[in-house]
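For the numbers below, each heavy atom of this structure counts, side chains included, while hydrogens, waters and symmetry mates do not. Numbering of ligands and ligand atoms starts at 1, following listing order. For the single chain, residues carry numbers from 1 onward in sequence order.
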Amino acid sequence: MKYKAFLIKYAEIGTKGKNRYVFEDVLCRQIKEHVAALGEFVIRREYGRIFLEAESDYDYEDVIAELKKVFGIVGICPVVVEERAEYEAIKQKSVAFMKECYGEKPLTFKVNARRSDKSFPMKSMEINSEIGHELLENLPNLTVDVHHPDVILNIEVRKQVYLYSATIKGAGGLPVGTNGKAMLLLSGGIDSPVAGYMISKRGVELEAVYFNAPPYTSERAKQKVVDLARIVSGFSGTIRLHIVNFTDIQLAIYEKCPHEELTIIMRRYMMKIAEALAEKNKCQALITGESIGQVASQTMHSLACTNEVCRMPVFRPCIGMDKQEIVDISEMIDTYETSILPYEDCCTIFVAKHPVTKPVLEIIKRSEEKLSDVIEELMEKALESVEVVEARAEDLMK
Ligand code: ATP
Ligand code: MG
């Protein structure tokens with residue numbers, strides 16, 4: 001059966017009072033952008049509802065896959081259109097449609113008709129009961145329950161007739177662009193892409209920063225991070241990825257600071273540079289993939305030490321999650337397979353055998369003083385030589 005349109009259901013943005021129109025505008029813009037490459041579509045808005053209508057051929061699976069990536073959508077109802085607004089035609093289409101949607105599954109249902117075209121000779125209540133009867137007669141798996149039906153057949157009579165019933169689950173959240181922008185510290189691991197996805201789901205635009213350590217890390221490790229940014233951008237929209245050459249800073253730390261403190265000091269400089277980039281690019285917060293206790297650098301003491309360098313809020317949406325929970329999300333958003341590719345990371349190369357798990361801030365700060373004659377210049381150099389890649393989902397296969 002051909003779906004001519006999709007009814008877009010959205011929940012949370014419906015509750016935002018006057019801002020509702022702003023949210024709807026952003027949502028419509030996001031929907032348009034997501035399906036732009038898949039065919040000709042127009043958006044029709046009426047009575048707080050959004051219809052995406054196809055004006056050309058399109059691939060159904062592709063459009064659904066894309067709509068499922070638009071934050072702010074809670075449900076997608078494929079709509080079939082009956083061109084003839086006549087009872088006979090509606091009847092036939094309704095039976096065929098319900099059969100296609102639900103097969104032989106035993107379900108309770110009700111019909112919910114709405115007559116926008118008042119010249120149609122039957123009232124909504126009549127349509128409900130007549131079509132209800134037809135369905136009962138033709139589909140023995142269905143029984144009526146007008147109070148708590150499993151499924152509803154919606155029939156909207158206009159110049160044409162719109163039928164829709166099944167709802168495909170959407171991503172939820174808020175449309176990207178309704179809640180500012182944040183800088184994601186994106187490594188090649190499993191956690192940080194998930195963290196970016198989760199914050200973006202709350203309507204936040206993303207930029208990202210990756211700390212690269214050539215020649216200790218390879219071009220392939222960098223490409224992996226670009227690919228991860230591209231996958232996440234399928235949800236969040238284009239991500240400007242700032243690639244920082246971190247080698248000289250790491251070497252200086254390695255040379256001058258106690259080895260068991262390497263990771264924590266390195267993480268502090270990462271956060272400092274990320275914050276500088278975030279400020280420069282008008283971001284309001286940082287995002288990391290940290291999770292309490294996952295590794296030595298993520299104990300409560302370590303997190304407190306790392307956090308101390310930042311003035312901006314640092315969002316860590318994975319903070320209370322077990323690894324498996326993070327993995328489950330990474331599989332759902334399709335970053336997992338890329339994240340587990342075995343390329344070296346700057347953190348894994350300069351790593352101590354016995355890192356401190358309970359760093360003391362004063363001691364760390366004293367160790368950092370050993371860098372005082374070089375670090376300002378090295379940080380400036382790192383910031384000046386940033387390479388920016390615009391990560392877009394459509395470039396993934398290239
Ligand atoms: P991930 O799976 O996200 O790499 P992880 O479990 O490997 O996390 P760490 O290596 O301790 O944990 O990193 C913690 C967080 O610091 C990461 O989630 C990420 O936000 C940030 N981070 C670590 N390495 C880098 C890097 N090379 N570039 C940018 N951010 C990084
Ligand atoms: Mg990592």
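Looking at ligand 1, you won't find any N or O of Pro193 less than 3.5 Å from one of its N or O atoms. Below 3.5 Å of separation, one finds an N or O of Gly289 facing an N or O of ligand 1. Checked by distance only, ligand 1 and Ser187 come closer than 3.5 Å through their nitrogen or oxygen atoms. The shortest N or O to N or O distance between Gly188 and ligand 1 is not under 3.5 Å. Geometrically, ligand 1 and Tyr210 share no nitrogen or oxygen pair separated by less than 3.5 Å.
A donor-acceptor pair under 3.5 Å is formed between the side chain of Lys224 and the backbone N or O of Leu341. Between the side chain of Asp145 and the backbone N or O of His148 there is at least one donor-acceptor pair closer than 3.5 Å.
When non-hydrogen atoms are compared, ligand 1 lies under 4.0 Å from neither the backbone nor the side chain of Asn212.
A salt bridge is defined here as a Lys NZ or Arg NE, NH1 or NH2 lying under 4.0 Å from an Asp or Glu carboxylate O, and Lys123 with Glu126 fails to meet this definition. Ion pairing between Glu279 and Arg311 holds under the 4.0 Å rule for side-chain N and carboxylate O. A salt bridge does not link Lys105 to Asp150: none of the charged nitrogens lies less than 4.0 Å from a carboxylate oxygen. Residues Glu308 and Lys365 are paired through a salt bridge, judged by an N-O separation under 4.0 Å between the basic side chain and the carboxylate. Electrostatic pairing of Glu390 and Arg230 does not count as a salt bridge here, judged by no charged N lying under 4.0 Å from a carboxylate O.
For ligand 1, the atoms closer than 4.0 angstrom to any heavy atom of Gln294 are 6 (O). Ligand-side atoms of ligand 1 in range of Ile190: 2 (O), range being under 4.0 angstrom from any heavy atom. Atom numbering of ligand 1 starts at 1 in the shown order; those under 4.0 Å from a heavy atom of Thr288 are 20 (O). Distances below 4.0 Å separate heavy atoms of Gly189 from the following atoms of ligand 1: 1 (P), 2 (O), 4 (O). Every atom of ligand 1 with a heavy atom of Leu186 under 4.0 Å away is listed here by number and element: 28 (N), 29 (C), 30 (N). Less than 4.0 angstrom separates some heavy atom of Val209 from each of these atoms of ligand 1: 29 (C).
Taking only non-hydrogen atoms, the option from Val194, Ile273, Asp191 nearest to atom 2 (O) of ligand 1 is Asp191.
Arg316 has its side chain out of reach of Ile287: every pair of non-hydrogen atoms, C-beta onward, lies at least 4.5 Å apart.
When ring centroids are compared, Tyr164 and Tyr3 stay outside the 6.0 Å threshold.
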